[in-house]
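All figures in this text were calculated on a predicted structure; none of them were measured in a lab.
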Amino acid sequence: MKATIKWDGDLRFVGTSGTGFDVMIDGEQKAGPRPMELMLLGLGGCTSYDVISILKKSRQDVVDCVAEISSERADTVPAVFTSIHIHFVVTGRNLKETQVSRAVQLSAEQYCSASLMLERGGVVITHDFEICEADA
């Protein structure tokens, strides 16, 4: 996996992924997310992908999934994440609580590389979920 970061002036950078996608990274929050915000977005994307994939393979009728992520950081430099909480709001038709719970657990314990990497670095990551019934 590769990526490049190019300085774009001030405290802004353009990151280009190995697959050719660009993202603005802005230390002053004027033109894009800050680097640590991107880490949370990456974590959220990784675990959401897992949860949806697992639920679809379990033949659950999922119509939406939102991961709400909150975090705490150290008060000293480096201001690393100390804890992260991911709250999933999963919407679907007749979703089984056991299946949603299993999907969240499998992502956290087995599949989400971002989550597992952060945990191995000492970040406490917790998860919970709620299920919303979709309109018919």
Side-chain angles (χ1 to χ4, degrees):
M1 186 176 291
K2 290 185 176 185
T4 59
I5 304 293
K6 182 179 184 307
W7 183 45
D8 192 34
D10 294 326
L11 290 177
R12 289 188 310 266
F13 301 84
V14 175
T16 304
S17 70
T19 52
F21 294 98
D22 291 338
V23 63
M24 176 66 70
I25 305 167
D26 188 345
E28 296 179 336
Q29 294 181 301
K30 295 178 184 173
R34 295 177 5 192
M36 293 298 278
E37 291 173 319
L38 283 173
M39 290 187 74
L40 288 180
L41 291 172
L43 169 63
C46 184
T47 192
S48 294
Y49 176 88
D50 294 338
V51 168
I52 289 294
S53 295
I54 294 165
L55 289 173
K56 292 272 186 195
K57 288 176 185 170
S58 302
R59 296 189 179 126
Q60 296 295 291
D61 189 4
V62 181
V63 298
D64 195 21
C65 180
V66 176
E68 300 169 347
I69 306 163
S70 57
S71 65
E72 298 290 329
R73 292 176 67 183
D75 292 331
T76 58
V77 175
V80 298
F81 290 117
T82 55
S83 65
I84 298 172
H85 180 73
I86 305 167
H87 175 73
F88 291 96
V89 180
V90 184
T91 304
R93 293 177 191 87
N94 300 313
L95 295 175
K96 294 180 182 171
E97 185 173 346
T98 56
Q99 293 293 337
V100 175
S101 177
R102 179 179 169 272
V104 170
Q105 182 179 4
L106 283 172
S107 176
E109 295 176 0
Q110 234 176 312
Y111 293 116
C112 181
S113 301
S115 180
L116 293 166
M117 179 180 64
L118 287 166
E119 282 186 324
R120 289 178 185 164
V123 181
V124 175
I125 301 179
T126 57
H127 306 78
D128 66 7
F129 64 90
E130 66 182 278
I131 298 172
C132 297
E133 187 65 26
D135 295 332

Residue pair V51 / F129, side-chain heavy-atom distance below 4.5 Å: no
Audit row: T16, K6, side-chain contact (heavy atoms from CB on, under 4.5 Å) steps and yes/no: CA-CA 8 Å; T16 304; K6 182 179 184 307; over 6 Å; no
Interatomic distance, I86 atom CD1 to S71 atom OG [nearest 0.5 angstrom]: 10.5 Å
Atom of R73, atom of A79 and distance for their closest heavy-atom approach: NE-O, 2.6 Å
Are F88 and S48 packed together at the side-chain level, in the sense that at least one heavy-atom pair is separated by less than 4.5 angstrom? yes
Does D128 reach the side chain of T126, with side-chain heavy atoms less than 4.5 Å apart? no
May I have the step-by-step check of side-chain contact (heavy atoms from CB on, under 4.5 Å) for D50 and L106, ending in yes or no? CA-CA 8 Å; D50 294 338; L106 283 172; over 6 Å; no
Under a 4.5 Å cut-off applied to non-hydrogen side-chain atoms, are I125 and S115 in contact? yes
When clusters are formed by joining ILVMFWY residues with side-chain heavy atoms under 4.5 Å apart, either directly or through shared neighbours, do L55 and Y111 land in the same one? no
For residues L41 and I5: do they belong to one hydrophobic cluster (side chain heavy atoms under 4.5 Å, members Ile, Leu, Val, Met, Phe, Trp, Tyr)? yes
Would you give the length of the straight line joining atom CD1 of I84 to atom CE of M39, rounded to the nearest 0.5 angstrom? 7.5 Å
Is there a path of hydrophobic side-chain contacts, each under 4.5 Å between heavy atoms of I, L, V, M, F, W or Y residues, that connects L43 with M36? yes
CG of D75: more than 12 outside heavy atoms within 6.0 angstrom? no
Contact check, side chains of R102 and S58, non-hydrogen atoms, under 4.5 Å: yes
Closest contact, heavy atoms only, G32 versus D26: O-CB, 3.5 Å
Do you know the tightest heavy-atom contact between E119 and A108? OE1-O, 4.1 Å
Nearest 0.5 Å, what's the CD-CD1 distance between Q60 and I52? 11.0 Å
Look up atom CD in E130 and atom NE2 in H87, then write down how far apart they are to the nearest 0.5 Å. 3.5 Å
Common cluster, I54/V104, ILVMFWY with side-chain heavy-atom separation under 4.5 Å: no
Could you tell me if S70 and H85 have a donor-acceptor pair between their side chains, going purely by distance under 3.5 Å? no
Same cluster (ILVMFWY, side-chain, under 4.5 Å), W7 and V14: no
Once rounded to the nearest 0.5 Å, what's the spacing between atom CZ of R59 and atom NZ of K96? 10.5 Å
Measure across A134 and R93 and return the closest heavy-atom pair with its distance rounded to 0.1 Å. CB-CG, 4.0 Å
Taking atom CD of E68 as the centre, does the number of heavy atoms from other residues, nucleotides or ligands within less than 6.0 Å exceed 12? yes
Closest non-hydrogen atom pair between N94 and E133, with its separation: N-OE2, 3.1 Å
Interatomic distance, T47 atom OG1 to H127 atom NE2 [nearest 0.5 angstrom]: 4.5 Å
Correct closest heavy-atom pair for I69 and G44 would be CD1-CA, 3.4 Å
